[in-house]
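Because only heavy atoms are used, hydrogens play no part in the values below, and waters and symmetry mates are left out as well, while side chains stay in.
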Amino acid sequence: MEKKYWLVLIGISLFTLLSMPAKAQHNKVEIKGSVVEKTSDDPIEAANVRLLSSRDSTMKAGVATGNNGSFSLKNITPGTYLLHISYIGYEPIYQPLRITGRSESINVGKIEMDENSILLSEAVVTAKAVEITVKEDTVEYNADSYKVAEGSMLEDLIKKMPGAEVGSDGSITINGKQIKKILVDGKEFFSDDPKVAAKNLPAKMVDKVQTYDRKSDMALMTGFDDGDEEAVINLMVKPGMKQGWFGNAFAGYGSKERYEGNFMVNRFINNDQFSLIGGINNTNNMGFSDLASTMFSGMGGGGRRGFGGGGSGNGITQSGNIGANFNKEFSPKLALNGNVRYSHSDNDTKTKSEKENILPSGNTSDFVNSNSNTKNDNIGFNMRMTWKPDTLTQVIFTPDFSYSKTNQSESGDSYTLNSASDSVNTSTSDSYSKGHGYNVSGRLEASRKLNDKGRVLSISLSGGAGDTKNDSYEYSLTKYLQVERPDDLIDQQIDYDNTNYNYRGFVSWVEPIGRNNFIQLSYNYSGSNREALKYAYSPDSNGDYNILDSTYSQSSRNNSIEQRASLAFKAQRSNYNYTIGFNVDPSYAKTETFVGDEIIYSSSRNVVNYSPTIQFNYRPSREKNLRIEYEGRTSQPTMKQLSPVEDVADPLNTTIGNPDLKPIYTNSLRVRFQNFNREKQSAFMIFANGGYVVNDVVSFASYDESTGKK
């Protein structure tokens, strides 16, 4: 059903541009000019230019502006006219014009258009609301163009939008790019967890949904891309919902004892925001991300032969959450936003799987059945302070804290059949684990403009620390049926303690050279220290777990330092810009594997990598854009990948690292082209990503057919 919008033209003041000649002329005249955006002076392509009769407003001629914003109306008869210029999202222009015919060409010059036009209430124009608008890097969806049921959440609205997908785990992808954050009126909403907004914000509060790639704070300060941009959604709230309190609540109960309830209370006053949300359900609809599932990954809780579930989207999860988000502008110079959140989940999972191993001598099959229960609790806090003491200085401070605890129990059985369908092995497993851990971090960034030509000094300091402890009991019995060899019995109590801390310093100097050309000198120094302690105890004759088992008690320690010195040149032009740079990346890493105080492996290495950086951005018009980016990045192999000591925690899957692994160097190439046709409301976008990895880390597996061991 089409929506109707009413527009009235209250009145137009006419004035005479040229005095009336004594004798009328009848020469045909050409009217030329250009249309630009007032704030940026950028040309506006495809703006409607119409020449109307001043007597009855009938159209005498019309044309659309070209890619440079210019227009030309030819063969115009002398007379009195009204030049009407319009473009979606801009204030329409009505300019009186008198043509005498004394000259063959009239140039009306540069006509400036203002954004955010105000529709006059008396008017009347009937039209269908524009569904999608593309402006430079931003794709804007009109929320009212996509109908959703009453009480629907933002997630339901996003599913209706062209090019948007919502995964079973709550992840959001738009035009091929995964959304990392959701903003509300340009302000962060629950920081780095887009799931919170998607599953808790009511769709009816949204006026427009904007998607774009947001550059990092440091890239915005320096003007040079650092490769850390992220795809975000910005929700524009309906104006009527920014003047007080509003909220919603719903509850439901269905078959198989399924239930769900949710509430949200908001107070939006101009630029200040406060939101309180909460919910409870057993429909696998966690409102917050489960931080514990990542923090305790691989630490106890069974996991033999692929046992284990409890992951996002598996089994049945009962969950509850509550959180608050705030944004406060104390003054134009100081703004503060942040959030605090708590979530609980209780997951029951039953899994049954079959895997076929394709071998030269014939295929074998693995069969696994397991049951697990996982309870997780998460508490998190994020804050962001932006301070602009003057027009030349900006300071951003962002502290973060999270705490999680978990309890997991699991049992399972498995067996392997050879190519003749004979049993090769059988295995049973039981485990229980509980743990807790925290992560704390902070980042301080500051920038100062030293002149009005583009000289900028920027610095960034950041650091973080974390500690995760987990205690588990693990039992497994593996029997081999085709060979004469002892059974593998594991009966242990295992203590894990993983600690880490990291730090980073960055400094950048941007110097203008010539007109719209800049050079950046930057240096980055970062380090990390990680220690993973594992102590496995077997029972003594009294059944007490106090005998240290050195075979399973392998601990590791890794220290690394990465540096980057960069020189880059950037040229900024009217419809394109490019950046060319060169990076030098020295890195150092040291890895140790030890049992107790005995070091059984130690290695260190220094490596220097070099790479260019290339970025090209071509924008022939507002609706067309081509971007090409290349960069190189260094990353270190994990401690497990480096350690040459066998990990035999799983009797049927023994792993061993390679101490000769070098740092991984990834060369990435990204290409994006988009074209939007405003009249047809159609968009064409193509994304291409490619990479070439030097010293990539890959896995190699060997298989023993007689035992089923890998």
Peer 1: So, are Asp390 and Arg448 salt-bridged, with charged N and O less than 4.0 Å apart?
Peer 2: yes
Peer 1: Mark yes when over 12 heavy atoms from residues, nucleotides or ligands other than Arg504 sit less than 6.0 Å from its CZ; otherwise mark no.
Peer 2: yes
Peer 1: Report yes if the side chains of Tyr618 and Tyr578 come closer than 4.5 Å at any heavy-atom pair, otherwise no.
Peer 2: no
Peer 1: Does a salt bridge link Lys110 with Asp41, judged by any charged N lying under 4.0 Å from a carboxylate O?
Peer 2: yes
Peer 1: Asp467 side chain to Tyr438 main-chain N or O, any donor-acceptor pair under 3.5 Å?
Peer 2: no
Peer 1: Between Arg564 and Glu562, does any NZ, NE, NH1 or NH2 come within less than 4.0 Å of an OD or OE carboxylate oxygen?
Peer 2: no
Peer 1: Taking the six-membered ring for Trp, are Tyr90 and Tyr87 parallel (under 30°), tilted (30 to 60°) or perpendicular (over 60°)?
Peer 2: tilted
Peer 1: If every non-hydrogen atom of Asn439 is compared with every non-hydrogen atom of Gly466, which pair is closest and at what distance?
Peer 2: OD1-CA, 3.4 Å
Peer 1: Which class fits the ring pair Phe268 and Phe246: parallel under 30°, tilted 30 to 60°, perpendicular over 60°?
Peer 2: perpendicular
Peer 1: For the residue pair Thr173 and Ile179, establish whether any side-chain heavy-atom pair is separated by less than 4.5 Å.
Peer 2: no
Peer 1: May I ask you to decide if the ring planes of Phe274 and Trp245 are parallel, tilted or perpendicular, using 30° and 60° as cut-offs?
Peer 2: perpendicular
Peer 1: Output, in order, the C-alpha distance, side-chain angles, deciding distance and verdict of side chain to side chain donor-acceptor pair (under 3.5 Å) for Ser171 and Gln178.
Peer 2: CA-CA 7 Å; Ser171 61; Gln178 185 171 346; 4.7 Å; no
Peer 1: Say whether, by atom type as modelled, one donor and one acceptor occur between the side chain of Lys238 and the main chain of Lys204 under 3.5 angstrom.
Peer 2: yes
Peer 1: Report the distance from atom NZ of Lys180 to atom CD1 of Ile172, rounding to the nearest 0.5 Å.
Peer 2: 11.5 Å
Peer 1: Heavy-atom count around Lys449 NZ within 6.0 Å, excluding the residue itself: above 12?
Peer 2: no
Peer 1: Evaluate Asn617 against Asn625 for side chain to side chain donor-acceptor pair (under 3.5 Å), listing each step before the verdict.
Peer 2: CA-CA 7 Å; Asn617 187 22; Asn625 179 227; 2.7 Å; yes
Peer 1: Can you find a pair of side-chain heavy atoms, one from Gln520 and one from Thr579, that are under 4.5 Å apart?
Peer 2: no
Peer 1: Asp185 side chain to Val237 main-chain N or O, any donor-acceptor pair under 3.5 Å?
Peer 2: yes
Peer 1: Does Tyr501 OH have over 12 foreign heavy atoms under 6.0 Å away?
Peer 2: no
Peer 1: Under 3.5 Å, is there a donor-acceptor pair between the side chain of Asn325 and the main chain of Phe190?
Peer 2: yes
Peer 1: Evaluate the side-chain proximity of Phe506 to Ser526: yes if any heavy-atom separation is below 4.5 Å, no if none is.
Peer 2: no
Peer 1: Answer yes or no: is there a side-chain heavy-atom contact under 4.5 Å between Val139 and Met685?
Peer 2: yes
Peer 1: Start with the C-alpha gap between Tyr146 and Val148, add the side-chain angles, then the distance that decides, and say whether side chain to side chain contact (heavy atoms under 4.5 Å, CB included) holds.
Peer 2: CA-CA 7 Å; Tyr146 309 100; Val148 294; 5.6 Å; no
Peer 1: Tell me if the CD atom of Glu165 is crowded by more than 12 foreign heavy atoms within 6.0 Å.
Peer 2: no
Peer 1: I'd like to know if the side chain of Ser508 pairs up with that of Ser522 as donor and acceptor (distance under 3.5 Å, no hydrogens or angles considered).
Peer 2: no
Peer 1: Would Val671 and Leu626 count as a side chain to side chain contact (heavy atoms under 4.5 Å, CB included) if you check the C-alpha gap in whole Å, the side-chain angles of each, and the deciding distance to 0.1 Å?
Peer 2: CA-CA 8 Å; Val671 180; Leu626 172 66; 4.3 Å; yes
Peer 1: Is there a side-chain contact between Tyr523 and Gln563 in this structure, where contact means two heavy atoms from C-beta onward sitting under 4.5 Å apart?
Peer 2: yes
Peer 1: Does Glu629 come within less than 4.0 Å of Arg672, counting only side-chain N to carboxylate O?
Peer 2: no
Peer 1: Is it true that, when you exclude Lys160 itself, more than 12 heavy atoms of the residues, nucleotides or ligands shown sit nearer than 6.0 Å to its NZ?
Peer 2: no
Peer 1: What's the verdict on side chain to side chain donor-acceptor pair (under 3.5 Å) for Tyr342 and Asp377, showing C-alpha distance, side-chain angles and the deciding distance?
Peer 2: CA-CA 7 Å; Tyr342 166 77; Asp377 292 274; 2.6 Å; yes
Peer 1: Do Arg443 and Met218 have side chains that approach each other closer than 4.5 Å (heavy atoms only, starting at C-beta)?
Peer 2: no
Peer 1: Would the distance check show the side chain of Lys570 and the main-chain N or O of Gly223 forming a donor-acceptor pair, the cut-off being under 3.5 Å?
Peer 2: yes
Peer 1: Quick one: pull up CG in Asp213 and OG1 in Thr138 and give me the separation to the nearest 0.5 Å.
Peer 2: 9.0 Å
Peer 1: How about Phe518 and Phe224: are their ring centres within less than 6.0 Å of each other?
Peer 2: no
Peer 1: Does the side chain to side chain donor-acceptor pair (under 3.5 Å) test come out yes or no for Asn378 and Arg341, once each step is laid out?
Peer 2: CA-CA 8 Å; Asn378 304 279; Arg341 59 196 183 276; over 6 Å; no
Peer 1: Check whether any side-chain N or O of Thr65 sits under 3.5 Å from a backbone N or O of Ala47 as a donor-acceptor pair, and report yes or no.
Peer 2: yes
Peer 1: Between Pro194 and Phe189, is any pair of side-chain heavy atoms under 4.5 Å apart?
Peer 2: no
Peer 1: Check Arg627 with Glu229, please: is the shortest side-chain N to carboxylate O separation under 4.0 Å?
Peer 2: yes
Peer 1: Distance only, no hydrogens: is a donor on one side chain within 3.5 Å (strictly under) of an acceptor on the other, for Thr613 and Asn583?
Peer 2: yes
Peer 1: For a side-chain contact (heavy atoms from CB on, under 4.5 Å) with Arg384, tell me which candidate from Ile396, Asn339, Asp400 qualifies.
Peer 2: Ile396
Peer 1: So that I can tick it off, tell me whether Glu188 and Arg214 are bridged by a salt bridge, with the cut-off set at under 4.0 angstrom between side-chain N and carboxylate O.
Peer 2: yes
Peer 1: Check the pair Asn271 / Asn327 against side chain to side chain contact (heavy atoms under 4.5 Å, CB included), numbers first and verdict last.
Peer 2: CA-CA 8 Å; Asn271 291 326; Asn327 286 282; over 6 Å; no
Peer 1: Please lay out, stage by stage, how Ile233 and Ile158 fare under the test side chain to side chain contact (heavy atoms under 4.5 Å, CB included).
Peer 2: CA-CA 10 Å; Ile233 286 177; Ile158 292 174; 4.0 Å; yes
